[in-house]
Novice: 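Please find one structure pasted underneath; my questions will follow.
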Amino acid sequence: MAETHTTAGTRTPAHEAEPTAFGLTPPAWIALAMLVVIGVLIWKKVPAAIAGALDSKIALIRDQLAEAEALRREAEALKAEYEAKSASADKDREALLERTRREADEIVAKAKTDAEALIGRRTRMAEDKIAAEERSAIEQLRAMAAEAAAKAAARLIAERHDAATDAKLVDQAIKDIAGR
């Protein structure tokens with residue numbers, strides 16, 4: 001072996017031999033161990049088991065995706081159904097509002113007609129009452145005038161007639177009655 005010198009004067013071997021076991025160096029043993037591990041994995045069908053596990057995981061994911069798709073379609077159907085119900089409710093609301101407006105207009109028109117009829121009846125009743133009061137007042141005036149005329153006539157007769165004139169009038173009335 002060749003020796004190399006350093007400035008400090010110490011010697012170091014230039015090339016040392018690596019230790020071997022059964023003629024294999026440490027990197028060769030590592031490679032051999034890896035080959036054995038890979039061989040055992042293949043012999044125990046580990047890649048097939050991994051592939052099977054991955055296949056089952058893929059199948060599970062596909063099932064979940066199919067279920068998610070079915071749920072999405074169901075959700076879309078529910079959404080469409082509720083949108084249709086909402087549109088129907090809007091139409092029903094509009095129809096109800098229109099019917100309510102029409103009924104309110106009819107009620108207002110009927111109330112107006114009824115109020116006018118009531119005013120007309122009350123006016124006629126008031127006019128009839130006024131006319132009755134006028135007739136009553138006229139009858140009272142006539143009665144008072146007749147009573148005053150009768151009193152005045154009785155006083156005039158009492159002042160201008162005496163017993164002889166009364167007898168003559170009574171005889172005249174008897175003749176008129178007998179002549180009929």
Side-chain angles (χ1 to χ4, degrees), residues 1-140:
M1 265 201 225
E3 290 182 5
T4 59
H5 295 286
T6 62
T7 57
T10 59
R11 293 189 213 178
T12 58
H15 218 29
E16 281 188 28
E18 289 187 32
T20 61
F22 302 109
L24 296 175
T25 61
W29 279 106
I30 292 173
L32 182 64
M34 290 297 290
L35 286 174
V36 169
V37 168
I38 292 172
V40 168
L41 289 176
I42 292 173
W43 177 61
K44 292 289 190 180
K45 299 181 182 173
V46 171
I50 292 173
L54 288 176
D55 288 344
S56 67
K57 188 70 170 178
I58 289 170
L60 177 66
I61 291 171
R62 280 188 185 140
D63 290 345
Q64 288 175 345
L65 285 174
E67 183 179 341
E69 180 65 25
L71 288 173
R72 184 184 65 78
R73 283 193 303 270
E74 185 178 324
E76 287 176 353
L78 284 173
K79 179 184 173 193
E81 179 183 343
Y82 283 115
E83 285 175 349
K85 283 182 180 180
S86 175
S88 174
D90 288 343
K91 288 178 185 175
D92 290 347
R93 181 180 53 87
E94 290 298 324
L96 180 63
L97 283 173
E98 183 60 32
R99 188 171 58 242
T100 304
R101 284 186 189 115
R102 240 182 298 118
E103 288 175 0
D105 291 343
E106 290 171 3
I107 289 170
V108 167
K110 186 177 183 323
K112 190 175 183 180
T113 304
D114 290 349
E116 290 172 356
L118 179 64
I119 290 170
R121 282 194 306 272
R122 293 284 172 108
T123 302
R124 283 192 300 279
M125 286 173 51
E127 289 172 350
D128 291 347
K129 191 172 182 178
I130 291 170
E133 291 293 326
E134 285 177 353
R135 285 192 299 273
S136 175
I138 290 171
E139 287 175 9
Q140 285 178 352

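Hydrogens, waters and symmetry mates are skipped; everything else that's a heavy atom, side chains included, is used. For clarity, every value in this text was computed on a predicted model and none was experimentally measured.
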Novice: Does atom CD of Glu67 have more than 12 heavy-atom neighbours from other groups under 6.0 Å away?
Specialist: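 Count not over threshold, so no.
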Novice: Nearest 0.5 angstrom please: Leu97 CG to Asp92 CG, how far?
Specialist: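 Here the interatomic distance stands at 11.0 Å.
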Novice: Do you know which two heavy atoms are closest between Ala53 and Ser56, and how far apart they sit?
Specialist: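 Nearest pair, atom of Ala53 first, then Ser56: O-OG, 2.8 Å.
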Novice: CD1/Ile30 to OG1/Thr25 distance, rounded to the nearest 0.5 angstrom?
Specialist: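 Answer rounded to 0.5 Å: 9.0 Å.
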Novice: Would you indicate whether the side-chain heavy atoms of Asp114 and Leu118 approach each other to under 4.5 Å?
Specialist: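 No. Closest side-chain heavy atoms not under 4.5 Å.
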Novice: Verify, without hydrogens or angle tests, whether Thr123 (side chain) and Ile119 (backbone) share a donor-acceptor contact under 3.5 angstrom.
Specialist: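 Yes.
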Novice: State, with a plain yes or no, whether a side-chain heavy atom of Met125 is found less than 4.5 Å away from one of Lys129.
Specialist: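 Side-chain contact under 4.5 Å: no.
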Novice: What distance separates Gln64 CD from Ile61 CD1, expressed to the nearest 0.5 Å?
Specialist: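 Taking CD in Gln64 and CD1 in Ile61, the distance rounds to 7.0 Å.
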Novice: Would you give the length of the straight line joining atom CG of Leu96 to atom CD of Glu103, rounded to the nearest 0.5 angstrom?
Specialist: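 These two atoms lie 8.5 Å from each other.
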Novice: Taking the side chain as everything from C-beta on, heavy atoms only, tell me whether Lys91 gets closer than 4.5 Å to Glu94.
Specialist: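 In short, these two side chains do not touch, never coming nearer than 4.5 Å.
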Novice: Under the criterion salt bridge (charged side-chain N to carboxylate O under 4.0 Å, His left out), I'd like the reasoning laid out for Glu81 against Lys85: C-alpha separation, chi angles, the key distance, then a yes or no.
Specialist: CA-CA 6 Å; Glu81 179 183 343; Lys85 283 182 180 180; 3.3 Å; yes
Novice: Could you tell me whether Glu106 and Lys110 have a side-chain N and a carboxylate O separated by less than 4.0 Å?
Specialist: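 Salt bridge between Glu106 and Lys110, a charged N being under 4.0 Å from a carboxylate O: no.
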Novice: Atom CZ of residue position Arg72 - does it have more than 12 heavy atoms of other residues, nucleotides or ligands inside 6.0 Å?
Specialist: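 Yes, CZ of Arg72 has more than 12 neighbouring heavy atoms, counting only those of other groups under 6.0 Å.
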Novice: Hey, could you give me the CZ/CG distance between Arg102 and Asp105, rounded to the nearest 0.5 Å?
Specialist: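 Rounded to the nearest 0.5 Å, the CZ-CG separation comes out at 9.5 Å.
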Novice: If only atom types and distance count, is the side chain of Thr113 paired as donor or acceptor with the main-chain N or O of Ala109 below 3.5 Å?
Specialist: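 Yes, because the side chain of Thr113 sits within donor-acceptor range (under 3.5 Å) of the backbone of Ala109.
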Novice: Mind checking the NZ-CD spacing from Lys79 to Glu74? Nearest 0.5 Å is all I need.
Specialist: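 The CD atom of Glu74 is 15.0 Å from NZ of Lys79, to the nearest 0.5 Å.
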